[in-house]
Amino acid sequence: MKSALLAAALLVTAPAMAGPKEEVLAATDAFMAALNSNNPDAAEALTHPSLTIQILSFPPGKPSAFRTLTRQQLFDNFRNAPPRKFDERIVRRDVRLARDFAQVWAPYTLDIDGKRIHCGVDSFGWSKVDGKWLLTSFAWTADPNGCPPK
């Protein structure tokens with residue numbers, strides 16, 4: 001566990017020659033790698049304590065559903081989930097930067113145990129706090145009918 005946290009910290013603390021865009025992309029990659037490797041502690045270490053989470057789901061045959069989660073709820077969901085192969089893949093990333101504030105817009109696919117669950121867009125809001133990029137807002141859409149063929 002400590003080695004995973006150290007690895008995540010090294011990714012977020014990018015080399016001095018890396019620019020802000022590369023640092024934000026490294027932080028995004030580290031966050032997703034932690035989730036995909038079932039390491040919620042490493043993912044949580046990359047977030048700010050006041051992280052906000054918003055989800056917009058599109059259940060088949062029903063109106064869209066908006067909900068929010070607290071940081072605690074998000075990571076408890078991962079900690080309490082049954083053992084599974086979680087595979088969220090970012091298709092492409094668009095980064096916007098303004099000094100120590102960054103937004104990453106990233107269409108993705110989500111498979112669990114090899115089955116396509118849904119697709120959507122992840123929106124990662126990063127803020128550089130005390131020299132470290134921390135996830136301060138995280139939002140996504142979840143659309144089971146919006147996936148490309150597997």
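In this chain, residues are counted from 1 in sequence order.
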Do D94 and R92 pass the salt bridge (charged side-chain N to carboxylate O under 4.0 Å, His left out) test, and can you show the C-alpha distance, the side-chain angles, and the key distance before you say yes or no? CA-CA 7 Å; D94 182 28; R92 68 181 179 281; over 6 Å; no

Quick one: do F58 and L110 end up in the same hydrophobic cluster if we chain Ile, Leu, Val, Met, Phe, Trp and Tyr together by side-chain heavy atoms under 4.5 Å apart? no

In terms of heavy-atom contacts, F124 and M32 come closest through CZ-SD, 3.7 Å

Is the shortest side-chain heavy-atom distance between I55 and L69 below 4.5 Å? yes

What one should report as the nearest heavy-atom pair of G131 and K128 is O-CE, 3.5 Å

Do the rings of Y108 and H118 sit parallel, tilted or perpendicular, given the 30° and 60° boundaries? perpendicular

Is there a side-chain contact between W133 and L46 in this structure, where contact means two heavy atoms from C-beta onward sitting under 4.5 Å apart? no

For A81, side chain to side chain contact (heavy atoms under 4.5 Å, CB included) partners two or more places apart: R84

Keeping the roles fixed (side chain from T141, backbone from V121), state whether a donor-acceptor pair exists under 3.5 Å. yes

Between V24 and V104, is there a side-chain heavy-atom distance shorter than 4.5 Å? yes

For a 4.5 angstrom cut-off between non-hydrogen side-chain atoms, does K85 reach I112? no

With clusters defined by side-chain heavy atoms of hydrophobic residues (ILVMFWY) lying less than 4.5 Å apart, directly or transitively, does I90 cluster with L56? no

For G125 and L135, work out which heavy atoms get closest and say how close. O-CD1, 3.4 Å

SB check D29 R93 (cutoff 4.0 Å): yes

Looking only at the side chains, is there a donor atom on one of Q103 and S123 sitting less than 3.5 Å from an acceptor on the other? yes

Salt bridge D111-R116, side-chain N to carboxylate O under 4.0 Å: yes

Using distance alone, with no hydrogens and no angle criterion, decide if T28 and W126 have a side-chain donor and acceptor under 3.5 Å apart. yes

Could you go step by step and tell me if K132 and D100 meet the salt bridge (charged side-chain N to carboxylate O under 4.0 Å, His left out) rule? CA-CA 10 Å; K132 179 180 177 184; D100 290 344; over 6 Å; no

Other residues, nucleotides, ligands: >12 heavy atoms within 6.0 Å of R96 CZ: no

